[in-house]
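Computed from heavy atoms alone, side chains included, the values below leave out hydrogens, waters and symmetry copies. Sequence lines set the chain letters: A, B, ... in the order given, protein chains first and strands last, and positions in each chain run from 1.
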Amino acid sequence: MRQILRLTYIMLKGNGIASLGSDARKKRKFGSLGSLLLFLFLFVYLGAMMSGSSIGIYKMLEPLSLTTMIPGLYLSAAAIMTFVFGAVYVISIFYYSSDVTRFLPLPLKAGEIISAKLLVTAVYIEMVMAMLLLPSLTVYGVLSEASFQYYVLMVLSLILMPFIPLCLAAVIVILLMRLTPFARNKDRFNTVSGLVLMLGTFGFVFFIQNLSSKTDGDLAQIIENGAANVSSAAMSVFPGVRQAASLLTSSRLELLDLLLLILFVAVSWLIMLLAGRAFYFQGAVSMGVSGGRKRKISSGELAAAGKSGNIFWTLMLKDIRILLRTPIFLMNNVIMNFIWPIFLLVPFITGSEETIQLPALRLMAQQLNYSSNLPITIVMSIVFGFAAFVTGTNGIAASCLSREGRLLYFMKIIPVSYNKQILAKVSVSVMMAVFGCLIALIAGWIFFLPPIWLALPLLLVLPAAVILPALASVFFDLLWPKLHWDNEQRAVKQNMNVLYGMLVTMLLIAVTIVPSFLLSWFWPAALAALIIIPWTLIIALFFLLRLMATRQMIGIEA
Amino acid sequence: MIELLNVSKSYHSEVKAVDNINLTIPDGRIFGFLGPNGAGKTTTIKMITGILSPDSGDILLQGNSIINNALAAKRCFGLVPDDPNVFPRLRGLEYLKFMGDVYQVPTEQRTERIASLAKRLSLTDALGEKIQSYSHGMRQKLMIIGALLHAPDIWILDEPMTGLDPQSAFELKNMMREHADKGKTVFFSTHVLEVAERICDDLAVIDHGQIRFSGTLEQMREQSRADESLESMFLRLVAEGEKS
């Protein structure tokens with residue numbers, strides 16, 4: 001067991017989780033602190049959303065005497081999510097981490113490696129489950145005035161119960177990976193699974209929020225006809241869920257249910273170990289075998305490669321291809337440009353009757369008096385702020401050199417000026433943000449239906465709004481590029497330059513919007529402020545970049 | 001032609017990686033750069049290619065200073081790095097198009113060169129695939145094609161034989177000879193003394209950042225016993241350097 005725990009720790013450390021506090025280097029600690037803060041923010045954000053919704057659901061089910069169904073519903077949902085998420089994590093940790101070839105020559109038993117990997121997967125799953133279920137079940141405990149025993153059993157259930165769907169998912173994945181070409185394309189799998197995980201998490205939160213905004217009658221119907229059926233199915237498929245739910249709803253300690261839950265966990269683990277011993281290692285080792293596949297290129301493809309292209313566009317195209325084809329970059333730098341409008345609209349989509357809902361927001365927008373100055377200034381400022389926010393948070397410019405990593409030397413050997421190379425990188429950030437903003441603007445236009453003429457000032461505001469944050473953010477990466485990383489995650493997720501880029505973006509938004517509001521008595525003057533201020537800053541930053549780029553790049557000894 | 005003029009480089013102001021070296025590598029020659037691990041070979045190559053800046057001295061490539069006229073100097077050479085893991089998510093052909101555009105290789109020459117070099121190195125069938133699916137040797141071959149796409153006056157190779165199969169290594173040696181025979185310069189670093197012995201016109205031995213010897217193999221033999229192998233001469237030079 002000691003060996004399993006030691007291996008688990010090493011694997012977690014390799015993945016960056018256990019490294020918090022153990023690394024003596026200040027810089028690393030700072031980066032880890034950033035990750036920890038991000039995690040805490042997400043924990044608090046999701047926790048607050050889940051707690052609020054859980055209170056709503058409890059209050060509505062209370063008059064119908066259906067509150068005892070709540071733990072069962074939550075645990076069933078958690079079991080289904082663990083099964084789906086677990087499958088994704090198992091592929092990632094068991095197959096893509098490529099550490100198995102390093103562990104195999106060591107004097108370790110097969111079962112120890114498999115168990116350690118299962119524990120690593122469980123840690124990730126338990127973190128997600130803690131974020132989603134801990135607040136909800138705590139709210140249930142508080143509102144139902146549960147005893148101390150409830151909270152102990154709640155923690156125990158949350159730790160034990162996920163092992164059952166997780167082991168089932170692991171067995172299925174191990175068999176699929178050994179017997180089929182399933183998930184052999186690592187990049188494609190990482191992209192799809194990343195999207196599934198993100199949409200799954202937020203989908204679950206929105207679903208719960210949506211439930212809490214229903215009327216009592218609707219809710220009772222949904223629970224009786226829909227949720228109860230799904231819950232019952234989940235309890236049949238995943239043994240242990242029923243026992244865990246029973247432990248949380250019974251006023252006395254159901255010892256038999258607790259023993260059964262532990263037994264189910266032990267049996268699941270055993271089955272998973274047997275399947276792992278028989279099929280895991282061959283499947284995992286074959287993942288690392290390389291040796292280029294062959295696909296003959298056509299004469300057309302060769303001719304296309306032969307055509308001379310514009311250098312600036314070529315530099316941009318290289319970055320765009322790498323951004324789109326590297327799952328971590330795609331998720332963190334590209335998709336973020338398109339997902340913000342959805343995030344920002346969530347409170348309105350899922351809003352309850354007391355808060356503003358989307359139709360009310362639409363009505364408010366349509367009732368704006370566009371012949372007066374203030375509403376026009378507000379709309380222009382919102383568009384400026386939104387576009388700048390999208391650019392500043394995509395992190396493309398703020399991590400443009402860090403993403404190159406040890407390949408930064410390539411920028412130094414090609415006969416293209418550093419200024420041009422960096423401007424090409426800034427342009428990629430701008431281009432992605434423009435796509436995201438235009439889609440959001442068109443969708444917003446169709447939904448809110450403002451007067452056509454308003455498009456002109458908004459389009460005048462947009463270019464500076466996306467160029468300024470990108471140009472400002474690039475300086476951080478020029479000054480402190482993070483080039484020594486062993487996986488792409490560190491270049492974008494654990495890169496403080498991205499955070500600095502966001503902060504400076506907020507500052508630039510304020511610097512531009514505040515003067516425009518001071519001139520809101522005459523909207524063309526506010527528009528002029530939204531154009532002149534950022535463009536002045538852009539020109540200043542452009543010249544500063546020309547002065548700094550070559551000197552800084554020469555100084556970076558990659 | 002490559003000229004290194006009183007070039008020095010220290011790391012963290014303490015370790016002198018390259019100590020006041022002078023080298024002239026004329027056109028039409030294959031120049032082998034030899035030295036034990038940590039001798040200063042890679043640092044020198046990094047300075048020649050502009051990756052690192054020398055603390056003092058200058059480096060001229062076809063008369064262009066890599067410090068003061070960097071873009072013109074960079075146009076003169078093609079580099080095959082020691083680590084060929086470059087842009088793994090690009091396809092082979094996309095990488096070559098990138099190189100062709102960056103070095104502004106005219107359309108007609110580019111297509112012809114890609115086709116002939118890829119055929120010669122048996123890489124044609126893999127050019128449509130992503131570089132990450134390539135083996136080490138295939139990546140090395142792609143770097144060779146990319147470096148030669150603009151027919152550079154100077155071809156610099158850092159440990160080029162690593163990972164190549166015997167047939168490709170043989171082909172590479174032929175290509176280096178052909179490049180030099182066209183009146184161009186080939187500069188390569190290697191640990192494999194047999195390769196240097198067989199194909200170099202000139203060579204230099206660097207150790208502890210200092211040039212211990214520079215000249216032809218014959219000159220080296222004249223300085224030592226005539227029947228000595230390059231390996232023996234190399235080991236003796238390095239040992240003498242350590243004593244002094």
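B:L90 CG to A:R325 CZ: the interatomic distance, rounded to the nearest 0.5 Å, is 6.0 Å. Atom CD1 of B:I48 sits about 13.0 Å away from atom CD1 of A:I413, to the nearest 0.5 Å. Expressed to the nearest 0.5 Å, how far CZ of A:R321 lies from NZ of B:K130 amounts to 11.0 Å.
The shortest side-chain heavy-atom distance between B:R89 and A:P327 falls under the 4.5 Å cut-off. Annotation: side chain of A:Y409 is in contact with side chain of B:V86 (closest heavy-atom distance under 4.5 Å).
By number of non-hydrogen pairs under 4.5 angstrom with chain B, the leading residue of A:T326, A:L315, A:T550, A:V416 is A:T326. Per-residue heavy-atom pair counts under 4.5 Å with chain A were compared for B:I66, B:D83, B:L96, and the maximum is reached by B:D83. In terms of heavy-atom pairs under 4.5 Å with chain B, the best-connected choice from A:L407, A:N310, A:I554, A:L317 is A:L407.
B:F87 touches chain A through backbone and side chain together, each having a heavy atom under 4.5 Å away. With a 4.5 angstrom heavy-atom cutoff, A:Y418 touches chain B only via side-chain atoms. Proximity to chain A is limited to the side chain of B:L79, based on heavy atoms less than 4.5 angstrom apart.
The backbone N or O of A:P415 lies less than 3.5 Å from no partner atom in the side chain of B:K74, so there is not a single donor-acceptor pair.
Listed here is the closest heavy atom pair of B:K97 and A:G309: NZ-N, 4.1 Å.
Interface with chain A: from residues 98-112 of chain B, residues B:F98, B:M99, B:D101, B:V102, B:Y103, B:Q104, B:V105, B:P106, B:T107, B:R110, B:T111 qualify, criterion being any non-hydrogen pair under 4.5 Å.
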